[in-house]
Amino acid sequence: MSRLRVVIVDDEPLVCRHLGTILSAAPDVVVVATAADGAEAVEAVVRERPDLVLMDLRMPGVDGLAATERIRALVDPPVVLVLTTFDADGFVIRALRAGAAGYLVKSTPPGELLDLIRVAARGHAVLSPVARDGLVAASATAHEEREAARARVTDLTDRERDVLTAIGDGLSNAEIAGRLFLSEATVKGYVSHLFDKLGCANRTQAGLLAQSAGMRTPDDPR
């Protein structure tokens, strides 16, 4: 069985040890390295080529936001999932813009944390309830950002808008294919093209852009 390879980044040794114990107890997860700051994190990713990085934000030297940007700029980068004690709206938005696939707080129960790590590794966005509520509140009041987001999607074709809207609704490629009556391979091509056209690093950024531009399906049950 192929196991999910994870790097833990936190400047507190006890936190690294605690997270390592939780993750190592799962049969499908293996911790391949730990790092105490952002610079070490980048080195560990280059050396170990993990599938996912659990990234703290506040660290000495290179912080988690800068490290996330550097890691996501690598060729074939791993998923970066922020795990921190800081749940301020500004941190959530900055982490997602840096390329993080999700934002969780350290109070997340161990079982739930493992489940969310698996979800993030499959390419889905994950947010703790506190982070999600803060993001929604911030997005609702960010008029200038909404106008900028709308300007970015102006030149999309109707089909591209349909796909981006579905990403904003949180749908997987298979679910988008079902909604739009397309093959999954065709959807994958559209998604890749949208990332390039819109300058988005991943589905999280594309989904955030869609929501900022008001492209959510009104009657979507999610």
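These numbers come from a predicted model, not from an experiment. Just so you know, residue 1 is the first one in the sequence shown, and it goes up from there.
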Can you measure from [atom1] ([X]) to [atom2] ([Y]) and round to the nearest 0.5 angstrom?
X	Y	atom1	atom2	value
I176	I167	CD1	CD1	5.0 Å
Y190	L156	OH	CG	11.5 Å
I117	L83	CD1	CG	7.5 Å
L104	L54	CG	CG	8.0 Å
E43	E48	CD	CD	11.5 Å
S2	D51	OG	CG	7.0 Å

Taking every non-hydrogen atom, the tightest pair across [X] and [Y]:
X	Y	result
S172	H124	CB-CE1, 3.5 Å
V82	L57	CG1-CG, 3.8 Å
A33	A44	CB-CB, 4.2 Å
S24	V31	OG-CG2, 4.1 Å
D37	P60	CB-O, 3.4 Å
A213	A149	N-CB, 3.8 Å

- [ ] Take D158 and R161, measure what salt bridge (charged side-chain N to carboxylate O under 4.0 Å, His left out) needs, and give me the verdict at the end.
- [x] CA-CA 5 Å; D158 288 343; R161 292 180 69 88; 5.6 Å; no
Using distance only, find each side-chain donor-acceptor pair of residues 13-21 under 3.5 Å and give its atom names and separation, not counting sequence neighbours.
residue: T21; atom: OG1; partner: R17; partner atom: O; Å: 2.9

- [ ] Please assess L164 against V153 for the test side-chain contact (heavy atoms from CB on, under 4.5 Å), listing each intermediate value before the final yes or no.
- [x] CA-CA 9 Å; L164 183 60; V153 303; 3.8 Å; yes
Task: Those residues that, when tested against E184, pass salt bridge (charged side-chain N to carboxylate O under 4.0 Å, His left out) (two or more places apart) - done: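 In terms of salt bridge (charged side-chain N to carboxylate O under 4.0 Å, His left out), with neighbours along the sequence ignored, E184 is linked to no residue.
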Task: Partner residues of D115 under the salt bridge (charged side-chain N to carboxylate O under 4.0 Å, His left out) criterion, sequence neighbours left out - done: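 By the salt bridge (charged side-chain N to carboxylate O under 4.0 Å, His left out) rule, D115 matches R118.
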Could you check whether any side-chain heavy atom of [X] comes within less than 4.5 Å of a side-chain heavy atom of [Y], counting everything from C-beta outward?
X	Y	result
D28	L4	no
M215	L209	no
V62	R70	yes
V187	L180	no

Task: Side-chain donor or acceptor of T108 paired with backbone N/O of V105 under 3.5 Å - done: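 Yes; at least one donor-acceptor contact below 3.5 Å.
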Open item on the list: Among T84, D10, T85, which residue satisfies the side-chain hydrogen bond (donor to acceptor under 3.5 Å, both in side chains) criterion with K106?
Closed with: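 Among the candidates, only D10 passes.
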Which donor-acceptor pairs under 3.5 Å do the side chains of residues 197-208 make with protein atoms, sequence neighbours left out?
residue: K197; atom: NZ; partner: D155; partner atom: O; Å: 3.4
residue: K197; atom: NZ; partner: E160; partner atom: OE1; Å: 2.9
residue: N202; atom: OD1; partner: T204; partner atom: N; Å: 3.2
residue: N202; atom: OD1; partner: Q205; partner atom: N; Å: 2.9
residue: N202; atom: ND2; partner: G99; partner atom: O; Å: 2.7
residue: R203; atom: NH1; partner: N173; partner atom: OD1; Å: 2.7
residue: R203; atom: NH2; partner: L171; partner atom: O; Å: 2.8
residue: R203; atom: NH2; partner: N173; partner atom: OD1; Å: 3.4
residue: T204; atom: OG1; partner: A101; partner atom: O; Å: 3.1
residue: Q205; atom: OE1; partner: A201; partner atom: N; Å: 2.8
residue: Q205; atom: NE2; partner: L96; partner atom: O; Å: 3.2
residue: Q205; atom: NE2; partner: R97; partner atom: O; Å: 2.8

TODO: Each residue besides V7 in its hydrophobic cluster should be listed here, by chain and number; the cluster joins Ile, Leu, Val, Met, Phe, Trp and Tyr at side-chain heavy-atom distances under 4.5 Å.
DONE: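 Members alongside V7: V9, V30, V32, V42, V45, V46, V53, M55, M59, I71, L74, V80.
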- [ ] Apply side-chain hydrogen bond (donor to acceptor under 3.5 Å, both in side chains) to S183 and list each qualifying residue two or more places apart in sequence or on a separate chain.
- [x]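 Listed in chain order: T186.
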Open item on the list: Looking at R58 and D11, is any side-chain nitrogen of the basic one under 4.0 Å from a carboxylate oxygen of the acidic one?
Closed with: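 No.
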